[in-house]
Amino acid sequence: MSEQKLDFSLPEREPVGGANGGQPKGLLLVIVALLICNLVVTFLKGGGSSAGAGANAKPAPTGSAAALSAEALKDLAMRAEKQGLADVSAGAWKEYLQASGAADEESAKIWYRIGKLQQDAGEHAKALDSYYRSESFAEVKEIQTEIARRTQECLEAMGKFAALKYDLAERVSLDAEAGKAGEDVVAEIGAQKITKADLDKRIEETIENQLAQFAAMLPEADRNRQKEQMLKRFAPASQRLQFLQQMIGEEVLYRRARETELPEDAAVRDLLRDSERRLLAQQVIAREVTGAVNLTGTDLVNHYKANLEQYKEPRRAKVSHILFKDEDAAKAVKAKLADGKKFADMAKELSLDEATKAKGGELPGEVTDGRPVPGVGVSADFLKAVFSTEVGKVAAAVVKTDKGWHVILVRERAPERTPQLDELQSRVSQELRRIKEQELQEQLLEKLKNEYNVVIHTKQFPVEEESKK
């Protein structure tokens, strides 16, 4: 069989329409035919002629939401709101605003409504955005007071006390300029101006960063309360000025460090890397561990019941004493008290304890079983005398301690008790949260060690041999 060769060459194209090539008429005809077909298909999909559609014809919807009319969206929003579906209702209200072209006053009312839904769902930042939008559209008298109250509630819930202060000043002050107090300039660094609001914000951020270290031990509500207390320390002008000076000092030193290219120094880079490593590790813990702990009421009850012994409060008493150098003097006064002399008078006259004699010998605070006696110190004999003596009576025997000899009067006494859970709510919550976070942290570390193939050669660390030495 002879070998057959395949020919892949193309035939030469013959010129159309003369030497100049002319127009490719065949190609034009094809294009026109395609355009006509496309128009026919579009007409058929439209369901009729343009005359039948009329002037009110609308483009086909691109999604399910676009297919709903303004009234349908309003109905959806109200129905979802009644069923407690905050996200669905808020989303439908926003679509309604876009579809309806509502007037400013209606828009203001609807944004207020959206804000309420978001606030009730615990989304305080979103709620604030909605309340501010409401006020931007129009100041509606019937909801102004509610918006003011709810705005303050959101700021408090978020721990934004500096912003709350200026918001309150603007809303309740008769002075129209009161709300602008935060714009007053307190310092300048070149072209940069630092306002009162900037200073307050920086103080608040510093406190938040400090409290973030105790996130594992303090629930959010407790952190906000603690933050509010810490902010009060900066109320005096002297404290605010001191913080401002420190803030400016840090800023100018930072600028000098940048100008001198200090971050480029090898030793400084190492320090920055170490700081970054620690900071990022802490943030991983905060996000994957701290945020994952969700304590329920049942969790708290179970932890409380399982640890009742550690929550017991020992018996305690309120006590007065008269201090003497020697035993005979103490016994002589005790005898006079038995004859009807008043304890407080004798203490004021004869006691060697200068800290208590003016108050008739009253020891500060309470004497608690098993603990050092306030103003006296550790003394098992003192405690034994206190808790074996009836209330309102003088102890049967005088007691010797490192301070001297004591004649003891028991004024009040409370028995051992176990506080109820509602009294220990914060303590129990902190303890349980710490335990849960520790467990989750250990689990996370084990997971990551496996994921990154960590191997520790423990044979290289002969701990047991060291312990034997």
Quick one: side chains of residues 361-378, donor-acceptor pairs under 3.5 Å with protein atoms, not counting sequence neighbours, listed by atom name and distance.
| from | atom 1 | to | atom 2 | distance (Å) |
| --- | --- | --- | --- | --- |
| Glu366 | OE1 | Arg316 | NE | 3.3 |
| Asp369 | OD2 | Arg315 | NE | 2.8 |
| Asp369 | OD2 | Arg315 | NH2 | 3.4 |

Kindly indicate, with the supporting measurements, whether the criterion side chain to side chain contact (heavy atoms under 4.5 Å, CB included) is fulfilled by Arg233 and Gln239. CA-CA 7 Å; Arg233 283 189 247 162; Gln239 293 297 315; 5.8 Å; no
By side-chain hydrogen bond (donor to acceptor under 3.5 Å, both in side chains) - contacts of Glu442 (at least two apart):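 Result, side-chain hydrogen bond (donor to acceptor under 3.5 Å, both in side chains) vs Glu442: Gln438.
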Do [X] and [Y] have side chains that approach each other closer than 4.5 Å (heavy atoms only, starting at C-beta)?
X      : Y      : value
His321 : Leu409 : no
Arg240 : Val186 : no
Lys94  : Trp111 : yes
Pro419 : Glu313 : yes
Ile143 : Val140 : yes
Ile147 : Tyr132 : no
Tyr304 : Leu432 : no
Met346 : Val407 : no

Is Glu439 atom CD crowded by more than 12 heavy atoms from other residues, nucleotides or ligands, each under 6.0 Å away?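 Yes, because the 6.0 Å sphere around CD of Glu439 holds more than 12 heavy atoms from other groups.
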Glu261, CD: over 12 other non-hydrogen atoms inside 6.0 angstrom: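 12 or below, so no.
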ring-ring contact (aromatic ring centres under 6.0 Å, His included) contacts in which one or both residues fall within residues 271-300, not counting sequence neighbours: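 Residue pairs passing ring-ring contact (aromatic ring centres under 6.0 Å, His included), neighbours aside: none found.
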Pairs touching residues 336-385 that satisfy ring-ring contact (aromatic ring centres under 6.0 Å, His included), sequence neighbours left out: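 Qualifying pairs: Phe382-His406.
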Could you tell me which residues satisfy side chain to side chain contact (heavy atoms under 4.5 Å, CB included) with Gln425, sequence neighbours excluded, listed by chain and number?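 Scan of Gln425 (side chain to side chain contact (heavy atoms under 4.5 Å, CB included), adjacent residues dropped) gives Leu300, Leu421.
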Rounded to the nearest 0.5 Å, what separates atom [atom1] in [X] from atom [atom2] in [Y]?
X      : Y      : atom1 : atom2 : answer
Leu253 : Arg255 : CG    : CZ    : 11.5 Å
Leu424 : Gln420 : CG    : CD    : 9.0 Å
Glu139 : Asp104 : CD    : CG    : 12.0 Å
Leu199 : Leu241 : CG    : CG    : 9.5 Å
Asp200 : Arg202 : CG    : CZ    : 13.0 Å
Glu123 : Asp129 : CD    : CG    : 11.5 Å

Looking at [X] and [Y], would you say the former's side chain and the latter's main chain have a donor-acceptor pair under 3.5 Å?
X      : Y      : value
Ser89  : Leu85  : no
Arg413 : Ala317 : no
Asn307 : Gln310 : no
Ser351 : Ile322 : no
Asn450 : Glu446 : yes
Asp120 : Leu117 : no

Filter on salt bridge (charged side-chain N to carboxylate O under 4.0 Å, His left out), then keep only pairs touching residues 319-335, sequence neighbours left out; what's left?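 For residues 319-335, and leaving out neighbouring residues, the salt bridge (charged side-chain N to carboxylate O under 4.0 Å, His left out) pairs sorted by first residue read Glu327-Lys331.
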Pairs satisfying salt bridge (charged side-chain N to carboxylate O under 4.0 Å, His left out), at least one member in residues 420-430, at least two apart: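 Checked against salt bridge (charged side-chain N to carboxylate O under 4.0 Å, His left out) - neighbours excluded - the pairs reaching residues 420-430 are Arg417-Glu423, Arg427-Glu431.
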[Y] and [X] side chains, donor-acceptor separation under 3.5 Å:
X      : Y      : answer
Gln242 : Ser238 : no
Tyr131 : Gln119 : yes
Thr356 : Asp353 : yes
Asp198 : Thr195 : yes
Gln118 : Ser130 : yes

Which is it for Glu250 and Met247 under the side chain to side chain contact (heavy atoms under 4.5 Å, CB included) test, yes or no, and what are the steps along the way? CA-CA 5 Å; Glu250 290 178 353; Met247 171 180 163; 5.6 Å; no
Please test Lys357 against Glu349 for salt bridge (charged side-chain N to carboxylate O under 4.0 Å, His left out), starting from the C-alpha separation and ending with a verdict. CA-CA 8 Å; Lys357 67 183 300 181; Glu349 180 183 350; over 6 Å; no
Counting only pairs under 3.5 Å, give me each side-chain donor-acceptor contact of residues 385-399, with atom names and distances, residues two or more places apart or in other chains.
| from | atom 1 | to | atom 2 | distance (Å) |
| --- | --- | --- | --- | --- |
| Ser388 | OG | Lys384 | O | 2.7 |
| Ser388 | OG | Ala385 | O | 3.4 |
| Thr389 | OG1 | Ala385 | O | 2.6 |

Please report the C-alpha distance between Glu309 and Lys312 in whole Å, then the side-chain angles of each, then the deciding distance to 0.1 Å, and finally whether the salt bridge (charged side-chain N to carboxylate O under 4.0 Å, His left out) criterion is met. CA-CA 5 Å; Glu309 280 300 316; Lys312 279 186 179 179; 3.1 Å; yes
Where do Leu73 and Ala99 come nearest, in terms of heavy atoms and distance?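 Heavy atoms only, the tightest pair is CD1-CB, 3.9 Å.
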Using the ring-ring contact (aromatic ring centres under 6.0 Å, His included) criterion, which residues pair with Phe243? Sequence neighbours excluded.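 So Phe243 forms a ring-ring contact (aromatic ring centres under 6.0 Å, His included) with Phe234.
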If you look only at distance, which donor and acceptor atoms sit under 3.5 Å apart when one is on a side chain in residues 271-285 and the other is two or more places apart or in another chain?
| from | atom 1 | to | atom 2 | distance (Å) |
| --- | --- | --- | --- | --- |
| Arg273 | NH2 | Asp270 | OD1 | 2.2 |
| Ser275 | OG | Leu271 | O | 3.0 |

Full working for side chain to side chain contact (heavy atoms under 4.5 Å, CB included) between Gln144 and Glu135: CA-CA 8 Å; Gln144 270 185 308; Glu135 292 178 317; 5.9 Å; no
Counting only pairs under 3.5 Å, give me each side-chain donor-acceptor contact of residues 75-83, with atom names and distances, residues two or more places apart or in other chains.
| from | atom 1 | to | atom 2 | distance (Å) |
| --- | --- | --- | --- | --- |
| Asp75 | OD2 | Arg79 | NH2 | 2.7 |
| Glu81 | OE1 | Trp93 | NE1 | 3.1 |
| Glu81 | OE1 | Arg113 | NE | 3.1 |
| Glu81 | OE2 | Arg113 | NE | 3.2 |
| Glu81 | OE2 | Arg113 | NH2 | 3.4 |

Contact list for residues 335-345, test side-chain hydrogen bond (donor to acceptor under 3.5 Å, both in side chains), sequence neighbours left out: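 Found none.
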Should Arg150 and Tyr112 be marked as a side chain to side chain contact (heavy atoms under 4.5 Å, CB included) after you check the CA-CA gap, both sets of side-chain angles, and the distance that decides it? CA-CA 10 Å; Arg150 287 180 169 272; Tyr112 164 65; 4.0 Å; yes
